[in-house]
Every structure is written in structure tokens, then in C-alpha cells.
Amino acid sequence: MSTASLITLAGYSREKLEYLIKMAAEFEKHPNRKILEGKVAATLFFEPSTRTRLSFETAANRLGARVIGFADPKITSGTKGEILKDTIMMVSNYADVIIMRHFLEGAALYASEVSPVPIINAGDGANQHPSQTMLDLYTIYQSQGTLDNLNIYLVGDLKYGRTVHSLLAAMRHFNPYFHFIAPDELAMPEPYRKYCDENGIRYVEHKDFNADTIADADILYMTRVQKERFSDLLEYEKVKDEYLLKKEMLTKVRSNMKILHPLPRVNEIEYSIDDTSHAYYFQQARNGLYARQALICDALGITLEDIRNDKTIIL
Ligand code: CP
């Protein structure tokens with residue numbers, strides 16, 4: 001087992017999160033380097049992805065590592081019956097770090113328990129998405145100048161949304177005030193509300209989604225209703241269009257308010273909002289590159305000091 005794996009940010013201290021943000025900031029200044037020359041990163045994606053896989057692969061490539069892997073498990077020997085443990089053991093023969101997305105909750109933890117090389121969880125079912133959270137923290141800090149004492153509104157699919165589950169835990173050090181806006185069917189699950197209670201995280205729940213409800217938001221974090229997580233598609237049809245952010249709803253918002261979305265969006269944010277000063281989701285996705293460069297380096301034992309002293313920058 002490798003102790004450098006990243007499965008969840010829940011156990012990370014405030015200092016560690018701030019340290020990773022500083023690392024990401026170094027990579028934003030200079031994303032192109034050879035600090036990982038000679039290393040191989042494997043991306044094993046058992047579930048579809050655009051941003052997470054491509055930004056991890058870009059992160060590794062821009063740091064001089066080479067990348068192997070698959071974006072579709074149908075082309076692997078998993079279709080012949082190979083179990084996850086054997087796949088991980090094989091890939092760890094070839095790669096220095098394994099970045100894995102899997103449809104099963106707990107799959108990344110399991111992989112980390114059998115793998116001799118670090119595993120980075122790129123999303124496990126409806127459970128956690130820590131690299132998304134790292135880029136979310138970086139983005140919130142970048143857009144607000146602080147992570148402390150913010151009003152963070154989470155909107156949409158709070159039941160299955162692993163990005164919001166990850167964000168809750170990581171924000172506990174920063175005294176947030178969360179507003180959970182969701183229909184009953186997609187409300188924040190009880191274990192996460194209990195987690196908030198036990199960790200002194202303030203929250204309030206709403207069903208209404210209008211200009212008044214969001215007027216005090218610093219961060220408005222929209223999420224997609226995830227069709228792929230529903231066993232009953234009729235249930236999906238009932239809730240899929242309930243929380244669409246319309247431009248006319250921005251009339252009362254704070255000037256500093258930024259709209260985030262892990263993307264892909266389907267029908268959660270009107271396209272006309274893209275040109276407003278509140279839209280920040282494309283910058284957020286861009287930050288995924290820098291945050292993931294930081295996470296890969298951290299998993300491989302490269303420190304902030306190493307990065308600051310790095311002489312391999314390509315201008
Ligand atoms: N935010 C996110 O996880 O996007 P992808 O599913 O495209 O990787």
C-alpha cells in the first residue's frame with residue numbers, strides 16, 4: 001500500500017490545503033516544466049470524463065511525465081473478467097502514479113490498499129471527487145481572496161453530487177455558511193448533514209431557487225442532475241429541470257458573487273450568463289490543470305520547495 005494516495009481531502013488539515021493551493025499557484029505562473037521527466041502517470045477511467053482525465057493528462061504532460069491509460073474500460077481485459085486488484089497490480093508495474101475514476105464508491109480506497117504506487121481518486125461513484133475539490137478551493141480562493149467566512153450555496157443534485165460531498169469536508173476549516181438548495185428527491189443526504197453537525201459546519205436548506213434566495217451568496221455552486229445515478233428514469237425526468245439559473249435571477253446578487261459548476265452543464269445555467277462578471281466556471285475548469293499538477297507532484301513526493309527551486313521551467 002502507498003501512503004501517498006489521495007482518496008479524500010476529509011483528513012487534510014487547513015495547512016495542507018493551503019500548501020497545495022500555494023503549489024497550484026506556482027504552476028499557474030509556470031505550468032510548463034520538466035520536473036516529472038522520467039515518470040509515468042496512468043489514467044484509468046472506468047467512467048466517462050472530459051475535464052478530469054484531460055486535465056490530469058495535460059498536467060502530467062506539461063510537467064514532462066509520460067501518460068498511459070484508458071478512457072473506456074470496454075477496451076481492457078476487465079471485459080474478460082480481470083478483477084480491479086489485478087488491474088491495479090499490473091498497472092503499478094508500469095506507472096509511478098495511478099489516477100483512477102470508478103463507478104463504485106470505495107473503489108479508489110480499495111485500489112490504494114492493494115497498490116504499491118500512489119492512487120489519486122478521480123471520482124468514485126457518488127462518494128468523493130477530491131481533485132475537483134482541490135481545484136474548487138483554488139478557484140474560490142482566487143475569486144474571493146480568501147476561503148474564510150464565505151456564504152456558499154450548493155444547488156441541484158446534492159444527493160449524488162460527489163463534488164459537493166467532497167467540498168463540504170474540505171471547507172470545514174474555513175467557517176463556511178452553506179446553503180443547500182435542492183428538491184426533496186435530491187436533498188443533501190443525512191450522513192453529510194450529520195457530518196456538518198459534528199464538525200460545526202453551519203448550513204440551512206432551501207427548496208426555493210430565486211433572486212431572493214441567492215442574494216447573499218459569495219459562491220453559487222451549480223450542479224448537474226446526474227442521470228446515470230438514477231435507477232428509475234421517471235424519477236430523473238421529474239427533477240431534471242428544476243433548478244435552472246436564469247440571468248434575470250442575478251439582479252440582487254453581491255458584486256463579488258461567482259458562479260461555479262464542476263461541468264458538464266446540461267440545463268443548469270443559461271448560456272446568456274456566460275458573459276456576465278459572475279460566470280467563473282470556465283476559469284474553474286482551467287484551474288483544474290494547476291490543481292492537478294500540484295496533486296500529482298504531492299503524490300510523488302515533490303515539495304513546494306522543490307517546485308520553487310525548480311530550474312526546469314520552459315518559458
Ligand atoms: N468535473 C468533472 O468531473 O468533469 P468530467 O466528468 O468531464 O471529468
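Counting begins at 1 with the first residue of the sequence. Atoms within a ligand are numbered from 1 in the order they appear, just like the ligands themselves.
Ligand 1 has Arg101 within reach: a non-hydrogen atom of the residue lies less than 4.0 Å from it.
Of all non-hydrogen atoms in Leu36 and Leu300, the two that sit nearest each other are CD2-CD1, 3.9 Å.
Ring pair Phe230/Tyr236 is perpendicular by interplanar angle, where above 60° counts as perpendicular and below 30° as parallel. Ring geometry for His206 versus Tyr153: interplanar angle under 30°, hence parallel rather than tilted (30 to 60°). Note on ring orientation: taking the six-membered ring where Trp is involved, the planes of His165 and Tyr192 are parallel (angle under 30°, cut-offs 30° and 60°).
Residue Leu263 has at least one N or O atom closer than 3.5 Å to an N or O atom of ligand 1.
If you check which protein heavy atom lies closest to atom 4 (O) of ligand 1, you get Arg51 NE, 3.1 Å. The nearest protein atom to atom 1 (N) of ligand 1, hydrogens excluded, is given as Pro262 O, 2.8 Å; this is a heavy-atom distance.
The distance from ligand 1 to the heavy atoms of Thr50 drops below 4.0 Å at these ligand atoms: 5 (P), 7 (O), 8 (O).
The residues Lys159 and Asp184 are annotated as not salt-bridged, no charged nitrogen and carboxylate oxygen being separated by less than 4.0 angstrom.
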